[in-house]
Amino acid sequence: MELPFLPFPLPALPAVVPTEAYLALSGILFVLGCMGVMLRKSVLTIFMSIELMLNAVNLSFVAFARQHGQLDGHIFVFFVMAVAAAEVAVGLAIIVDIFRSRRSVDIDDVSWLKG
Amino acid sequence: MEFIVFLTVAAIAVASGLTMILQRNAMYSALFLVLNLFCVAIFYVLMGAYFLAVVQVAVYAGAIMVLILFVVMLLNVAQPEQPDRRLGVFRPFGVIAALALLTGLVAVTVRYGAPPPSEPVAGGSGASAVATPAPYVRPAPPPQSTVIVDYAGAADYGHTQELASVLFSRYLFPFEVTSILLLSAILGATILARKKPDLEEVDGVRVK
């Protein structure tokens, strides 16, 4: 691509985004979700971080599917989405239940099982 | 051009993900997560997974996020997160562990790259009980391993029809099992979230 107003030539970019780029991005997003789960204390934010991790993995599934020219990765993303929907429904119900009994969404308040 | 779009959207995705986990307000967190999910949908379009992109927006950014936002508003947790009580000492270790994981993931990706395109699986390998229609078999990819082949440019890769023919032949049984999973999720959520009037408060916890 030529941009005449730039004083220097652009570095040569690949015409098609390589699979490695998607994998690296997927890794970054997964680690972000991981940090959210480990560092945050609000149950809701932890829940959303899990969604972020699921999406990162879905991204690499689709990238591999493109790499191999097969659709099995797409199918797997479908199933991950279905499981995520079920997980959200049950998980949010649990969060609402915890909030009803504890009036809090802090993960540290949910320690009834601690001996 | 495609690469420039990728870089731009990737920057937005990482920035929105970072903002999501740093944001104190759960409402803003959820909205940044929606932005992130839209970015992932754009990646799906770039990779030729058009139907998945639509499903991503409709199911993830639509249904799931609406549910999460609904609960955020329902709980209406105004107070910000309390400073750490137990986590305090271990917080740096969490960051270190996450960064180590990131280094490992990216290093492996850069060092070894993506695996070469494999030979397509011939037949359903007997896993599916359904014989017809024939399992989806893609024409053999070219043998060179390092060249990225633009499968996304193939005629109808990722279109609804091809996806459906795979889903309802080779993956028919998992598809049916998914319906049982969703049914049990409905029942579980209904039972968990209903009111329990026979509970009384003891020591700050509502018990039977």
Side-chain angles (χ1 to χ4, degrees), chain A residues 1 13-25 27-29 31-32 34-36 38-42 44-45 47-49 51-52 55 58-59 62-63 66-71 74-75 77-79 81-86 88-90 92-97 99 101 105-106 108, chain B residues 1-3 6 10 14 17-18 21 26 29-30 33 37 40 43-44 46-49 52 59 64 67-68 71-72 75 77 81-82 85-86 91 94 98 101-102 105-106 109 113-114 117-118 120 136 138 141 148 150-152 162-163 166-167 171 174 178 181-182 185 188-189 192-193 205-206:
Chain A
M1 195 172 74
L13 294 175
V16 177
V17 185
T19 307
E20 286 85 353
Y22 281 113
L23 293 184
L25 174 67
I28 291 171
L29 289 180
V31 168
L32 281 178
C34 216
M35 286 174 81
M38 285 193 287
L39 301 182
R40 297 304 303 271
K41 295 173 34 135
S42 158
L44 284 164
T45 316
F47 209 70
M48 288 187 264
S49 301
E51 296 302 312
L52 193 64
N55 262 278
N58 278 355
L59 194 61
V62 177
R66 184 190 66 151
Q67 167 92 3
H68 291 273
Q70 294 183 346
L71 285 176
H74 293 198
I75 303 293
V77 171
F78 263 131
F79 289 130
M81 281 180 183
V83 172
V88 163
V90 176
L92 287 178
I94 291 175
I95 290 176
V96 170
D97 207 43
F99 185 79
S101 63
V105 289
D106 193 315
D108 281 347
Chain B
M1 189 59 206
E2 187 186 327
F3 200 75
F6 170 79
V14 172
L18 200 59
I21 64 168
S29 274
L33 182 59
L37 297 180
V40 174
F43 293 135
Y44 288 167
L46 282 183
M47 285 189 278
L52 274 189
V59 173
I64 291 182
L67 202 57
I68 289 181
V71 169
V72 169
L75 302 189
V77 190
E81 285 186 30
Q82 300 298 313
R85 293 200 297 269
R86 292 207 302 275
R91 182 175 282 252
L101 178 62
L102 174 66
L105 283 175
V106 174
T109 304
S118 63
Y136 172 79
R138 193 128 191 115
I148 300 296
D150 187 10
Y151 287 112
E162 285 214 349
L163 214 56
V166 184
L167 184 62
Y171 294 96
T178 306
L181 171 77
L182 290 175
L192 278 170
V205 185
R206 297 180 73 199

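We name chains A, B, ... by the order of the sequence lines, and we start the count at 1 in each one. Excluded from the calculations below are hydrogen atoms, water molecules and symmetry mates; all remaining heavy atoms, backbone and side chain alike, are included. As the structure is a prediction and not an experimental result, all values here were calculated from the model.
Using a distance-only test at 3.5 Å, with no hydrogens or angles considered, a donor-acceptor pair links the side chain of A:Asn55 to the main chain of A:Glu51.
When each of A:Val83, A:Val90, A:Val88, A:Ile75 is scored by its heavy-atom pairs under 4.5 Å with chain B, the top score falls to A:Ile75. Counting heavy-atom pairs closer than 4.5 Å to chain A, the top-ranked of the candidates B:Leu101, B:Val106, B:Leu163, B:Val40 is B:Leu163. Ranked by heavy-atom pairs shorter than 4.5 Å toward chain A, the options B:Ala189, B:Ala26, B:Gly188, B:Gly17 are led by B:Ala189.
Here the CD atom belonging to B:Glu162 is positioned 11.5 Å from the CD atom belonging to A:Gln70, to the nearest 0.5 angstrom. The distance from atom CG of A:Asn58 to atom CE of A:Met81, rounded to the nearest 0.5 Å, is 5.5 Å.
Heavy atoms closer than 4.5 Å to chain A are found in the side chain of B:Leu105, but not in its backbone. Both the backbone and the side chain of B:Leu18 come within less than 4.5 Å of a heavy atom in chain A. Both the backbone and the side chain of A:Leu32 come within less than 4.5 Å of a heavy atom of chain B. In this structure, chain B has heavy atoms under 4.5 Å from both the backbone and the side chain of A:Ile28.
Nearest heavy-atom pair, B:Leu167 versus A:Phe79, reported as atom, atom and distance to 0.1 Å: CD1-CZ, 4.0 Å. Smallest separation of non-hydrogen atoms from B:Ser29 and A:Thr45: OG-CG2, 4.2 Å.
Note on ring orientation: taking the six-membered ring where Trp is involved, the planes of B:Phe43 and A:Tyr22 are perpendicular (angle over 60°, cut-offs 30° and 60°).
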